[in-house]
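Shown next, in C-alpha cells, is the structure this report addresses.
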Amino acid sequence: MKIAMIGSGYVGLVSGACFADFGHQVVCVDKDSSKIERLNANIMPIYEPGLDALVKTNVDAGRLAFSTDLASSVKGCDAVFIAVGTPSRRGDGHADLSYVYAAAKELAGAIDPKTVVVTKSTVPVGTGDEVERIIREANPGVEFAVVSNPEFLREGAAIGDFKRPDRIVVGSNVEWARDVMRGVYRPLFLNESPILFTSRRSSELIKYAANAFLATKITFINEMADLCEKLGANVQDVSRGIGLDNRIGAKFLHAGPGYGGSCFPKDTLALLKTAQDNDTPVRIVEAVVQANDLRKRAMGRKIVNALGGDVRGMKIGLLGLTFKPNTDDMRDAPSIAIVQTLLDAGAVVHAHDPEGMEEAAKVMPDVVMCQSPYAAAQNADAVALVTEWDAYRALDMGKLHAAMKGNVLVDLRNIYRPAEAEAAGFTYVSVGRGPLSPEV
Ligand code: UGA
C-alpha cells in the first residue's frame, strides 16, 4: 500500500519507518527542510534505539523516502497519516490543534478519491469531525474518510511497541475505510495483535483515557511510597503484592520522582480541559495532575533533607536528567523541577546523562554537565540518581563513594539495594523504603 506520513517527528518517523518495514511504500513529509535533509543523510532528529538502522534499511530498499512536498507526497496514497505535534496551548492547557488543521487544509486539495486520512496525533474528542469538515470544505467533490488511529508508543521502546502492540485501535464507522486500515496493519493482524474497531470519538477518547489511567497508576503508587516511608513499609513489596492481582497488573507501579515526558503531562491536562468544557468533572485526573506537579519539587526537597536541610554552597551530583532512560527527551522531566529546587536552596549542581546532556543544557544552563557519572560525583556532598539508565545500575559503588566528599546517595528510582549501598559506605535514601523497612 502507499502511505504518506505528515509530520516526521517522533511518532511520524517511527510509524513511517515501521510501515515501510512491513513492505508498504512510505513517504514521510515535514515542513522543516533541514530535518528532511538530515533524514536523507540518515541523521535522526531524535535518539530512539534502532531507529537509524531501520530507516537506513528501508530507504536502501526503496520503500521509505522523505520529502518537504506534501501535495506530491499524498498523491495516489491509500492512507495519509497526520502525525504532527499537538502541544499544550500556552496559557490554557488545551491541546493546540493548529498544526493538525493546517495539515488537513493542505492535504485536502491534493488527495485522490478514496483516500483514508488518519489522525495519529493525540487529538481531543471531536477533532476528527473538524478535520473532515475542513477537507470537505476545501475539496467538496472528493470521496474520503477521516479515521482516528491513536499511537501507544513509549519513547525508548517505540519500535518494539509498534511491531508488537497490545492492541491497534481504529476509530471509524465507514466500512471501506476500515478495510484500508486492515490492509495497513495486516502484518500485525496476522501476528494476532487485536484490532479494535470503534467509532471515531471513542477512539479519540481511548488515547486520553489510557494515558490518564497510566498516570493515575504511577501517582497512586507514588503516594503509597510516601505512606510506606512513614509506616516503615516497603513500596516495592506493596507494588508486587498488588500487581500480582491480574485485575491490577504489575506494570506502571514503579515509584519514582513523578511522571514526565511529552505525553502524560500534556494529555492529562488536555483531558481536564475537555472535561471542564463539557461540565463533567474528572476529579481523579485533577488530583493526579496536582499530586504529580507537587511531587517533582518534593523530590528536590528530599535531597536537601537527606543533607540535613541546608545545602547552601554544597555540591550535588545528579545521575540521569531525561524524563526516562533511552531517550534524549527533556520535556517535563522531573529533573527540571529538582534542579530548580536545589539551585533555589543554594546548592551547586553537577550532572551526567548518557544521551540527554545537550538537550538538558538548554533548559538548565546553571548545571555543570560532566562526562561520566564519576565526574559528576567528584567532591560532591551528595549524589542523587534521577533517571534509571542501565549504565547506572552497574556503577562501581566503591569508586563512586571514593570520588565524593560526602556520603549521601539518594536513589529516586530504587535501583540499588540498600544493603549494598550501605556496605559501600553510603548513607542511602530511596523512595518508599523508609529506615524501618526491611532490606530488599
Ligand atoms: C507514554 C505511554 O506509555 C505510551 O503508551 C503513549 O503512547 C505515549 O505516552 C504517548 O502518548 O505518546 P512515554 O511518555 O514515552 O509513553 O513514556 P512512559 O514509559 O509511559 O513513561 C512516562 C513517565 O512515567 C516517565 O517519566 C516514567 O519515568 C514514568 N513512570 C513510568 C514511572 O514513574 N513509573 C512507572 O511505573 C512507569
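Counting convention: from 1, in listed order, for ligands and their atoms alike. When a residue number appears, it is its place in the shown sequence, counting from 1. What you are looking at is a predicted structure, and each value in this text was computed from that prediction instead of being measured.
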(message) Do the side chains of Arg297 and Asp344 get close enough for a salt bridge, i.e. N-O under 4.0 angstrom?
(response) yes
(request) Provide the full list of salt bridge (Lys or Arg N to Asp or Glu O under 4.0 Å) pairs with a residue in residues 29-45, sequence neighbours left out, each pair given once. (result) Asp30-Lys35, Lys31-Glu106
(request) Identify the heavy atoms of Thr115 and Cys77 that sit nearest to each other, and give their distance. (result) OG1-O, 3.5 Å
(message) Tell me every residue that passes side-chain hydrogen bond (donor to acceptor under 3.5 Å, both in side chains) with His401, counting only those two or more places apart in sequence or in another chain.
(response)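 Checked His401 against side-chain hydrogen bond (donor to acceptor under 3.5 Å, both in side chains); zero matches.
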(request) Using the test ring pair (Phe, Tyr, Trp, His ring centres under 6.0 Å), find all partners of Tyr259 that sit at least two apart in sequence or belong to another chain. (result)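 Partners of Tyr259 under the ring pair (Phe, Tyr, Trp, His ring centres under 6.0 Å) test: Phe264.
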(message) For His352 together with Tyr374, are the ring centres under 6.0 Å from each other?
(response) no
Under 3.5 Å, N/O to N/O: give me all the pairs between ligand 1 and the protein, one per line with atom names and distance.
{"residue": "ligand 1", "atom": "5 (O)", "partner": "Phe152", "partner atom": "O", "Å": "3.3"}
{"residue": "ligand 1", "atom": "7 (O)", "partner": "Glu151", "partner atom": "O", "Å": "3.4"}
{"residue": "ligand 1", "atom": "7 (O)", "partner": "Glu151", "partner atom": "OE1", "Å": "3.3"}
{"residue": "ligand 1", "atom": "7 (O)", "partner": "Leu153", "partner atom": "N", "Å": "2.9"}
{"residue": "ligand 1", "atom": "7 (O)", "partner": "Leu153", "partner atom": "O", "Å": "2.9"}
{"residue": "ligand 1", "atom": "7 (O)", "partner": "Lys207", "partner atom": "NZ", "Å": "3.4"}
{"residue": "ligand 1", "atom": "11 (O)", "partner": "Lys207", "partner atom": "NZ", "Å": "2.6"}
{"residue": "ligand 1", "atom": "11 (O)", "partner": "Asn211", "partner atom": "ND2", "Å": "2.7"}
{"residue": "ligand 1", "atom": "12 (O)", "partner": "Glu151", "partner atom": "OE2", "Å": "2.6"}
{"residue": "ligand 1", "atom": "15 (O)", "partner": "Glu155", "partner atom": "N", "Å": "2.7"}
{"residue": "ligand 1", "atom": "15 (O)", "partner": "Lys324", "partner atom": "NZ", "Å": "3.4"}
{"residue": "ligand 1", "atom": "17 (O)", "partner": "Lys324", "partner atom": "NZ", "Å": "3.0"}
{"residue": "ligand 1", "atom": "19 (O)", "partner": "Lys324", "partner atom": "NZ", "Å": "2.9"}
{"residue": "ligand 1", "atom": "26 (O)", "partner": "Gly260", "partner atom": "N", "Å": "2.9"}
{"residue": "ligand 1", "atom": "26 (O)", "partner": "Phe323", "partner atom": "O", "Å": "3.1"}
{"residue": "ligand 1", "atom": "28 (O)", "partner": "Arg413", "partner atom": "NH1", "Å": "2.9"}
{"residue": "ligand 1", "atom": "34 (N)", "partner": "His254", "partner atom": "O", "Å": "2.9"}
{"residue": "ligand 1", "atom": "36 (O)", "partner": "Leu253", "partner atom": "N", "Å": "3.4"}
{"residue": "ligand 1", "atom": "36 (O)", "partner": "His254", "partner atom": "N", "Å": "2.9"}

